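First the structure, in the form of C-alpha cells, and then the observations on it.
Since the model is a prediction, treat every value here as computed from it, not as a measurement.
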Amino acid sequence: MTDLRRDPLAGRWVAVAPARAARPGAEKIAGDERESCPFCAGHEDQTPPETLRLGDGPTGWGVRVVPNLYPALERQEVVIHGPSHTRSLGELDDTTLDLIAEAWQRRAHDVGGTVFPIINEGNEAGASLSHSHSQLAWLPGPPPAVLAERGLPDTVPILERDGLVAGCPRASRVPYEVQIAPDRSEPEALRSDLLAAALRLLAELVRRIQQVRGETTPFNAWIHDGPRWHVELVPRTTRLAGLELGAGVYINAVPPEDAAAALLAAG
C-alpha cells in the first residue's frame with residue numbers, strides 16, 4: 001500500500017511507499033543478464049498478467065504493458081519496450097517506438113484519469129532493470145510541476161520535424177536538457193497524433209547526446225500534458241546539490257547555446 005501525501009502550503013506531493021524498498025536493484029548480474037530479465041521474451045510468466053499486448057512477430061508481441069510489482073502510487077504500469085534485451089531508447093526501431101506511443105494512449109483511454117508517462121534509463125536515473133521500459137503513473141490530478149508552468153520556456157532550436165520543434169531551454173537545468181513540443185497548439189499528448197513522432201525524435205536526441213558525450217548517458221524523460229504539451233528530456237550529467245534541491249537554483253556548466261549547437265552537429 002502507498003500513502004500519497006500533499007503539503008497544502010508547499011504544494012508538494014510525496015508518495016510514502018515502504019514496499020519500494022524491496023524492489024530489485026540494477027546492480028550488475030553475473031553472466032548473461034538476459035537469463036534473469038523478467039522483461040525479455042520467454043519470461044512473460046515472471047511479470048504480473050499483462051494489461052495490454054501490441055504487435056506480433058516471432059515472439060508474439062512487440063510491446064507489453066504490465067502492472068508495476070513495486071508501485072509508488074495506487075496505480076502504476078510498466079510498458080516493456082520490445083521483446084529483446086535492448087538497454088536504451090536510442091536503440092529502438094521506429095516500429096517499437098510507435099507501439100510505445102500507442103500503448104501509452106490506449107492505456108490512458110482505457111483507464112482514464114491523469115496519467116503521467118515517465119522514462120527512467122540507467123541506474124543513476126532510477127531504473128531498477130536495464131531492459132528499456134517506461135512507466136505510466138496515475139495521479140489524483142495534474143502534478144504540481146505542470147500546474148506551476150506559465151507556458152513553454154524559450155529554447156535554442158535544434159531540430160524541426162513532423163510538426164515538432166526540439167531545442168535546449170535557454171534556462172536549462174542541466175547540460176543537454178532538451179524540450180520537444182508541437183509547433184502549434186495540439187490536443188493533449190495522450191490524444192495527439194504527434195506522440196509517436198515525438199518519441200521517435202526523443203530517441204534520436206538520446207542518440208545524439210550519447211554521441212556528443214561519447215558514453216551512455218542516463219536520463220529521465222516525461223510528458224507535461226495539456227493544450228501546450230511537451231516532452232522534457234533531462235540527462236543525468238550532473239549531481240544536484242544544496243542550491244538545486246534547497247533553493248531551486250540550478251548550476252549548468254554547459255551553455256544551452258553550446259549544447260544545442262553540439263546536438264545539431266551530432267546529426
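Within the 4.5 Å cutoff, the side chain of Pro218 has no heavy atoms near those of the Glu121 side chain. Inter-residue side-chain proximity for Thr155 and Arg170 is flagged as unmet; no heavy-atom pair is nearer than 4.5 Å. Taking 4.5 Å as the limit, every side-chain heavy atom of Val174 sits out of range of all side-chain heavy atoms of Asn252. With a 4.5 Å cut-off on side-chain heavy atoms, Val254 and Tyr176 count as touching.
Taking 4.0 Å as the cut-off between side-chain N and carboxylate O, Glu50 and Arg64 count as a salt-bridged pair. With respect to Glu204 and Arg161, a salt bridge is recorded, a charged nitrogen being found less than 4.0 Å from a carboxylate O. Remark: Asp3 engages Arg5 in a salt bridge, criterion side-chain N to carboxylate O under 4.0 Å. Ion pairing of Arg87 with Glu33 is present here, as a side-chain N (NZ or NE/NH1/NH2) and a carboxylate O approach within less than 4.0 Å. Ion pairing between a basic and an acidic side chain is recognised when a charged N comes within 4.0 Å of a carboxylate O; Arg173 and Glu232 show such pairing. Here Glu77 pairs with Arg75 in a salt bridge; the nearest charged N to carboxylate O distance falls below 4.0 Å.
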Please test Glu186 against Trp229 for side chain to side chain contact (heavy atoms under 4.5 Å, CB included), starting from the C-alpha separation and ending with a verdict.
CA-CA 8 Å; Glu186 267 282 314; Trp229 66 267; 3.5 Å; yes
Could you walk me through whether Asp94 and Thr96 pass side chain to side chain contact (heavy atoms under 4.5 Å, CB included), step by step?
CA-CA 5 Å; Asp94 287 353; Thr96 302; over 6 Å; no
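Taking the six-membered ring where tryptophan is involved, the planes of His81 and His133 are tilted, since the angle between them lies from 30° to 60°.
Environment of CG in Asp193: sparse, with no more than 12 heavy atoms of neighbouring residues, nucleotides or ligands closer than 6.0 Å. Atom CD of Gln210 has more than 12 neighbouring heavy atoms from other residues, nucleotides or ligands inside a 6.0 Å radius.
Each of Ile100 and Val66 belongs to its own hydrophobic cluster when Ile, Leu, Val, Met, Phe, Trp and Tyr are linked at side-chain heavy-atom distances under 4.5 angstrom.
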